[in-house]
Chemist: 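Sharing a structure, written as structure tokens. Questions coming.
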Amino acid sequence: MFEQIEAWTATVADLINRAIGPPADFLEHYVWGWPEGAPLLAIVLLSTGFFVTLRLAFIQVRGFRHAVDITRGKYDNPEDAGDLNHFQALTTALSATVGIGNIAGVAIAIRIGGPGALFWMWLTAFFGMALKYVECTLALMHRRVNPDGSISGGPMYYIELGLGERWKWMAFLFAGFATISSFGGGCMNQSNTLADQVQSQFGVPTLVSGLVFASVVALVIIGGIRRIGRVTSILAPGMAILYVTGALYILMVNAANIPDGFRTIFANAFSPEGIVGGGVASFMITLLWGVKRGLFSNEAGQGSAPIAHATAK
């Protein structure tokens with residue numbers, strides 16, 4: 001029975017792919033490949049992060065200790081308006097950020113852009129800290145407290161409430177595109193990777209694992225943002241500990257190769273001839289894939305984290 005359903009599902013998926021594949025490829029070209037040689041989106045992301053870093057005098061460095069104090073609850077007040085405490089808001093945002101983008105995404109960046117792509121991932125992350133600070137601060141400044149005490153916030157709200165009614169069309173655009181993105185990069189990639197691994201390792205049909213995943217997630221999200229915050233405040237720290245511990249173990253086992261690894265990364269960040277060929281085009285490939293994977297791994301500038309942080313007390 002499962003085999004028949006999976007065959008039918010595969011057929012439907014193939015039809016959908018044929019229908020939306022060409023438009024998606026066309027849009028991807030103009031989002032990440034226009035103009036040729038210097039994609040606009042990569043330049044905008046890096047330059048905006050660089051601008052706010054300078055404008056706020058390196059807030060990601062100056063405010064780091066304060067950020068830790070906020071996260072550990074130094075300023076928590078149960079009487080403040082909001083749905084989640086600061087730690088829960090952070091883990092809710094992190095639960096959708098730390099994942100395959102930080103693992104498989106890095107491997108893809110190195111495979112296509114060479115080791116130098118890691119440098120641009122780091123740079124994107126550093127400037128992205130200031131960019132995400134701005135996003136989340138705006139989400140707290142311009143949010144809506146509903147009659148039942150719940151909070152509605154995010155870029156679609158601070159665009160409208162901060163910029164005014166004449167920019168409401170942009171708020172609608174963001175909300176629509178964010179919804180589409182949440183299905184693709186936010187859900188399908190992760191669930192597909194997990195289902196594929198469960199099938200290859202344990203022989204569990206993808207339909208079965210997909211239904212199980214969907215049911216477990218439904219039990220959480222149906223409870224609203226407060227239940228999501230409670231669950232992520234338990235799961236996200238464990239996930240982070242496993243991730244960091246695993247990464248540190250790999251580094252310790254290969255400690256002798258770390259200096260050479262850094263030299264390779266920095267050398268290929270600007271001169272990737274030995275990896276993907278020579279010239280400006282190769283440098284742009286390295287830069288582009290570093291920025292692309294950097295965005296996918298930390299979501300700075302994407303507008304998803306402010307939605308979670310807007311609910312903080």
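Hydrogens, waters and symmetry mates are skipped; everything else that's a heavy atom, side chains included, is used.
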Chemist: Locate the shortest heavy-atom distance separating Thr206 from Gln199; write the atom from each residue and the value.
Modeler: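 That closest heavy-atom pairing would be CG2-OE1, 3.6 Å.
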
Chemist: Tell me whether Glu135 contacts the main-chain N or O of Gly301 through its side chain, where contact means a donor paired with an acceptor under 3.5 Å.
Modeler: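 Yes, the answer is positive, given that a donor and an acceptor are paired below the 3.5 Å cut-off.
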
Chemist: Got a second to check how far Asp83's CG is from Ser150's OG, nearest 0.5 Å?
Modeler: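 If I round to the nearest 0.5 Å, the distance is 6.0 Å.
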
Chemist: Between Leu45 and Thr124, does a side chain to side chain contact (heavy atoms under 4.5 Å, CB included) hold up when you go through it step by step?
Modeler: CA-CA 8 Å; Leu45 283 171; Thr124 302; 6.0 Å; no

Chemist: Are Trp289 and Tyr30 in one and the same hydrophobic cluster, where Ile, Leu, Val, Met, Phe, Trp and Tyr link if side-chain heavy atoms are under 4.5 Å apart?
Modeler: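 No; Tyr30 is not reachable from Trp289 via cluster members.
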
Chemist: Might you point out which heavy atoms bring Ala305 and Lys132 nearest each other, and give the distance in Å?
Modeler: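 That would be CB-CE, 3.9 Å.
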
Chemist: Applying a strict under-4.5 Å side-chain criterion to I, L, V, M, F, W and Y, I'd like to know whether Met156 and Leu140 cluster together.
Modeler: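 No, it is not one cluster - the side chains of Met156 and Leu140 are not joined through contacts under 4.5 Å.
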
Chemist: Parallel, tilted or perpendicular: which fits the ring planes of Phe270 and Trp120, with parallel below 30° and perpendicular above 60°?
Modeler: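 Perpendicular, since the angle between the ring planes exceeds 60°.
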
Chemist: Which atom pairs, donor and acceptor, lie under 3.5 Å between side-chain atoms of residues 160-180 and protein residues at least two apart or in another chain?
Modeler:
unit_1 : atom_1 : unit_2 : atom_2 : d
Trp169 : NE1    : Arg166 : O      : 3.1
Thr179 : OG1    : Ala175 : O      : 2.8

Chemist: Measure the CG-CD1 distance between Asp260 and Ile265 for me, rounded to the nearest 0.5 Å.
Modeler: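 It comes to 11.0 Å.
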
Chemist: Could you walk me through whether Asn77 and Asp80 satisfy the side chain to side chain contact (heavy atoms under 4.5 Å, CB included) test, starting with their C-alpha distance in whole Å, then the side-chain angles of each, then the deciding distance to 0.1 Å, before giving a yes or no?
Modeler: CA-CA 6 Å; Asn77 182 357; Asp80 287 340; 3.2 Å; yes

Chemist: Relative to the ring of Phe262, is the ring of Phe266 parallel (under 30°), tilted (30 to 60°) or perpendicular (over 60°)?
Modeler: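 Aromatic pair Phe266/Phe262 classed parallel.
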
Chemist: Taking atom CD1 of Ile228 and atom CD1 of Ile222, what is their separation to the nearest 0.5 Å?
Modeler: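 Output value for this atom pair is 10.5 Å.
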
Chemist: Any donor-acceptor pair under 3.5 Å linking the side chain of Thr91 with the backbone of Gln88?
Modeler: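 A pair under 3.5 Å: yes.
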
Chemist: Give, for atom OG1 of Thr232 and atom CG of Leu84, the distance between the pair rounded to the nearest 0.5 Å.
Modeler: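 The distance works out to 7.5 Å.
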
Chemist: Do the non-hydrogen side-chain atoms of Ile258 and Asn254 ever get within less than 4.5 Å of each other?
Modeler: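 Result no, sub-4.5 Å side-chain heavy-atom pair not found.
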
Chemist: Taking the side chain as C-beta and beyond, is there a heavy-atom pair between Leu138 and Tyr157 under 4.5 Å?
Modeler: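 Of all side-chain heavy-atom pairs linking Tyr157 with Leu138, none is under 4.5 Å.
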
Chemist: Quick check: is Leu54 connected to Val61 through a chain of hydrophobic side chains (ILVMFWY, heavy atoms under 4.5 Å apart)?
Modeler: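 Val61 and Leu54: one cluster.
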
Chemist: Take Ser304 and Glu299 through the side-chain hydrogen bond (donor to acceptor under 3.5 Å, both in side chains) test and state the conclusion after the steps.
Modeler: CA-CA 7 Å; Ser304 51; Glu299 298 185 11; 2.3 Å; yes

Chemist: Starting at CZ of Arg72, measure out to CG of Asn85 and round the result to the nearest 0.5 Å.
Modeler: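 Between Arg72 CZ and Asn85 CG, I get 14.0 Å after rounding to 0.5 Å.
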
Chemist: For the aromatic rings, using the six-membered ring if either is Trp, is the centroid distance between Tyr133 and His309 under 6.0 Å?
Modeler: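 Here the rings of His309 and Tyr133 have centres that are no less than 6.0 Å from each other.
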
Chemist: Could you check whether Phe127 and Phe51 have their ring centres less than 6.0 Å apart?
Modeler: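 Ring centres of Phe127 and Phe51 not closer than 6.0 Å.
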
Chemist: Could you walk me through whether Asp76 and Ile70 pass the side chain to side chain contact (heavy atoms under 4.5 Å, CB included) test, one step at a time?
Modeler: CA-CA 8 Å; Asp76 282 359; Ile70 292 174; 5.9 Å; no

Chemist: Please determine whether the number of non-hydrogen atoms from other residues, nucleotides or ligands lying under 6.0 Å from atom OH of Tyr75 exceeds 12.
Modeler: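 More than 12 heavy atoms, drawn from other residues, nucleotides or ligands, come within 6.0 Å of this atom.
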
Chemist: Quick check: does any side chain N or O of Asn192 sit under 3.5 Å from a backbone N or O of Met188, one acting as donor and the other as acceptor?
Modeler: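 It does not hold such a pair.
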
Chemist: Answer whether the closest heavy-atom distance between the side chains of Val52 and Ile59 falls below 4.5 Å.
Modeler: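 A side-chain contact under 4.5 Å is absent here.
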
Chemist: What heavy-atom pair brings Pro35 and Leu40 nearest, and what distance separates the two atoms?
Modeler: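 Looks like CD-N, 3.7 Å.
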
Chemist: Is it the case that the side chain of Thr245 and the backbone of Leu242 share a donor-acceptor pair, with hydrogens and angles ignored and the cut-off at 3.5 Å?
Modeler: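 Pair absent, no side-chain N/O of Thr245 close to backbone of Leu242.
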
Chemist: Please say which of Arg143, Lys313, Arg144 ends up in a side-chain contact (heavy atoms from CB on, under 4.5 Å) with Ile151.
Modeler: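 It is Arg143; the other options fail the test.
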
Chemist: Test of understanding: clusters of I, L, V, M, F, W, Y form through side-chain heavy atoms closer than 4.5 Å, transitively. Do Leu235 and Leu219 belong to the same one?
Modeler: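 No, Leu235 and Leu219 fall in different hydrophobic clusters.
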
Chemist: With heavy-atom distances below 4.5 Å as the criterion, would you say the side chains of Ile307 and Pro155 are in contact?
Modeler: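 They are in side-chain contact.
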
Chemist: Test your reading of the model: is there a side-chain donor-acceptor pair from Ser233 to the backbone of Arg230, 3.5 Å cut-off?
Modeler: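 Yes: the side chain of Ser233 pairs with the backbone of Arg230.
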
Chemist: At their closest point, which heavy atom of Gly49 faces which heavy atom of Leu131, and how far apart are they?
Modeler: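 For Gly49 and Leu131, the tightest heavy-atom pair comes out as CA-CB, 4.5 Å.
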
Chemist: How far apart are the closest heavy atoms of Ser95 and Met239, and which atoms are they?
Modeler: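 Closest pair (atom of Ser95, atom of Met239, distance): CA-CE, 4.1 Å.
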
Chemist: With rounding to the nearest 0.5 Å, note down the distance linking CG in Asp196 to CD in Gln201.
Modeler: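 If we round to the nearest 0.5 Å, Asp196:CG and Gln201:CD are 9.5 Å apart.
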
Chemist: Flag yes if more than 12 heavy atoms outside Arg55 fall under 6.0 Å of its CZ atom; otherwise flag no.
Modeler: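 Not buried by this count: 12 neighbours or fewer within 6.0 Å.
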
Chemist: What is the minimum heavy-atom distance between Thr286 and Ala117, and which atoms define it?
Modeler: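 What the structure gives for the nearest pair is CG2-N, 3.3 Å.
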
Chemist: Show the numbers, then the answer: is there a side chain to side chain contact (heavy atoms under 4.5 Å, CB included) between Ser152 and Asn146?
Modeler: CA-CA 7 Å; Ser152 298; Asn146 301 312; 3.0 Å; yes

Chemist: Answer yes if Leu123 and Leu295 sit in the same cluster of Ile, Leu, Val, Met, Phe, Trp and Tyr residues linked by side chain heavy atoms under 4.5 Å apart, and no otherwise.
Modeler: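 Yes, Leu123 connects to Leu295 through the hydrophobic network.
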
Chemist: Can you confirm whether Phe126 is buried at CZ, in the sense that more than 12 heavy atoms of other residues, nucleotides or ligands lie under 6.0 Å from that atom?
Modeler: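 Atom CZ in Phe126 is packed in, count exceeds 12.
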
Chemist: Just by modelled atom types, is the Ile110 backbone N or O under 3.5 Å from a matching donor or acceptor in the Arg293 side chain?
Modeler: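 Pair absent, no side-chain N/O of Arg293 close to backbone of Ile110.
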
